[in-house]
Amino acid sequence: MLFETCAACHGGSGVGVPDGSVPAIAGQHFRVIVRELVDFSNKERWDPRMQHFSDERHLSGAQDIADLAAYISRLPPARSADQGNDEHVQRGAEVYARLCTRCHGPRAEGDNRRGFPRLAGQHREYLLSQMQYAVQDQRPNFSPQHVHLLQRLQAEDLPDLAQYLARLGP
Ligand code: HEC
Ligand code: HEC
């Protein structure tokens, strides 16, 4: 089965690693998974491990990608085991409600039809690193508008947002 390769890092249930070195992918939306896999293989998103495992020697084409995305999107999403502390959760919730709900949804559940990723329950350190990559122009597939939105935030907003999102249940 194709997913066995992925499970070596993302885990058999797709929940990744709590320290954020590997993201949770279980229950991520079909369109988001397809897009990320295509973007890794086209170097629109940089990570040596994912670029290696999404290249044409590992995934032979659109059918493999669609099959994998269908399988992963049906795995039940979980809440990160790294819950951090309570300190800034409320601040994170406020920033989120003001700037992020219109795309990622009120419970950060995302939207398959519009291709907005689920963020709820994702690992804190992973969320933080992706937002930092965006701000530093190290994740080319982020739209310029999204990069600007994150660049306008205050430095402490990013960890607060990550903390809040990791705690949201599926
Ligand atoms: C060697 C370890 C490894 C393997 C094998 C691997 N991944 Fe990943 N995957 C990662 C890491 C690390 C990231 C985060 C990369 C980053 O920081 O940008 C990631 C990111 C992703 C993402 C993006 C998640 C998001 O929230 O945007 C998807 C989707 C994904 N992997 C799917 C897969 C699939 C499908 C396979 C099997 C074909 C696979 N991965 C195999 C380590 C791995
Ligand atoms: C206009 C719609 C829109 C708004 C508003 C928006 N996002 Fe996003 N966000 C997206 C899309 C689309 C992606 C996928 C981008 C990609 O893969 O390149 C994304 C990706 C992300 C990711 C990466 C997820 C992953 O799994 O790798 C994070 C983290 C994120 N957004 C956080 C936020 C936060 C925090 C806010 C509010 C400050 C926000 N977004 C506001 C549309 C939006």
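Just follow the structure's listing: the first ligand is 1, and inside any ligand the first atom is 1. Just so you know, residue 1 is the first one in the sequence shown, and it goes up from there. Scope of the values below: all heavy atoms of this structure, side chains included, with no hydrogens, waters or symmetry mates.
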Could you tell me, atom by atom, which parts of ligand 1 come under 4.0 Å of a heavy atom of Y126?
14 (C), 24 (C), 25 (C), 26 (O), 27 (O)
re atom 13 (C) of ligand 2, the protein heavy-atom contact at minimum distance is P117 CD, 3.4 Å
Interfacing atoms of ligand 1 (cut-off 4.0 Å, heavy-atom, C6):
34 (C), 35 (C), 36 (C), 37 (C), 38 (C), 39 (C), 41 (C)
Steps toward side-chain contact (heavy atoms from CB on, under 4.5 Å) verdict (R98, V95)
CA-CA 5 Å; R98 192 156 40 86; V95 180; 4.0 Å; yes
Report the part of N141 in contact with ligand 2, treating N, CA, C, O as backbone and CB onward as side chain, heavy atoms under 4.0 Å; options are side chain, backbone, both, neither.
both
Between the candidates R35, Q132, H146, R31, which shows the shortest non-hydrogen contact distance to atom 15 (C) of ligand 2?
R35
Has R139 got any heavy atom lying under 4.0 angstrom from an atom of ligand 2?
yes
Can you find an N/O atom of R118 closer than 3.5 Å to an N/O atom of ligand 2?
no
Flag the pair R118 and D111 as a salt bridge only when some basic side-chain nitrogen lies within less than 4.0 angstrom of an acidic carboxylate oxygen.
no
So with a 6.0 Å cut-off around CZ of R74, is the heavy-atom count from everything else above 12?
no
Please state which protein non-hydrogen atom is closest to atom 3 (C) of ligand 2 and give its distance, to 0.1 Å?
C103 SG, 2.7 Å
Which atom pair, heavy atoms only, marks the closest approach of S54 to S41?
O-CB, 3.3 Å
Which ligand 1 atoms are under 4.0 Å away from a heavy-atom of R45?
16 (C), 18 (O), 23 (C), 25 (C), 27 (O)
For atom 41 (C) of ligand 2, what's the nearest protein heavy-atom neighbour? Residue, atom name and distance, please.
L149 CD2, 3.4 Å
How far is atom 28 (C) of ligand 2 from its nearest protein heavy atom, and which residue and atom is that?
L119 CD2, 3.7 Å
Any atom of ligand 1 sitting under 4.0 Å from a heavy atom of A8?
no
Salt bridge (charged side-chain N to carboxylate O under 4.0 Å, His left out) for R124 and D160? Distances and angles first, verdict last.
CA-CA 9 Å; R124 211 158 51 87; D160 292 356; over 6 Å; no
Regarding N141 and E36, do their side chains bring together a donor and an acceptor under 3.5 Å, going by distance alone?
yes
Using side chain to side chain donor-acceptor pair (under 3.5 Å), reason through Q63 and D67 one step at a time and then give a plain yes or no.
CA-CA 6 Å; Q63 193 59 52; D67 290 349; 2.9 Å; yes
Enumerated ligand 1 atoms positioned under 4.0 Å from heavy atoms of S21:
12 (C)
Checking R45 against Q130: is there a side-chain donor and acceptor pair closer than 3.5 Å?
yes
N/O/S of S54 less than 2.8 Å from atom 8 (Fe) of ligand 1?
no
Determine whether any heavy atom of Q130 lies closer than 4.0 Å to an atom of ligand 1.
yes
Got the closest protein heavy atom to atom 17 (O) of ligand 2, with its distance?
E36 OE2, 2.6 Å
Look at the rings of Y71 and F3 and say which category their plane angle falls in: under 30° parallel, 30 to 60° tilted, over 60° perpendicular.
tilted
Looking at H104, the N, O or S atom sitting nearest atom 8 (Fe) of ligand 2 is NE2
Which protein heavy atom lies closest to atom 12 (C) of ligand 2, and at what distance to 0.1 Å?
F116 CD2, 3.5 Å
Return yes when E44 approaches ligand 2 closer than 4.0 angstrom through a heavy atom, no otherwise.
no
Name the closest protein heavy atom to atom 22 (C) of ligand 2, giving the residue it belongs to and the distance to 0.1 Å.
F142 CZ, 3.5 Å
What are the two closest heavy atoms between A166 and R79, and how far apart are they?
O-CG, 3.6 Å
Does the side chain of D82 come under 3.5 Å of the side chain of S80 through a donor N or O and an acceptor N or O?
no
What atoms of ligand 1 come closer than 4.0 angstrom to any heavy atom of T5?
5 (C)
Are any N, O or S atoms from C100 nearer to atom 8 (Fe) of ligand 2 than 2.8 Å?
no
So for I72 against ligand 1, with non-hydrogen atoms under 4.0 Å, the contacting part is side chain
For atom 29 (C) of ligand 2, which of M131, H123, R102 has the closest heavy atom?
M131
Min over H10, Q28, Q122 of heavy-atom distance to atom 9 (N) of ligand 1 lands on H10
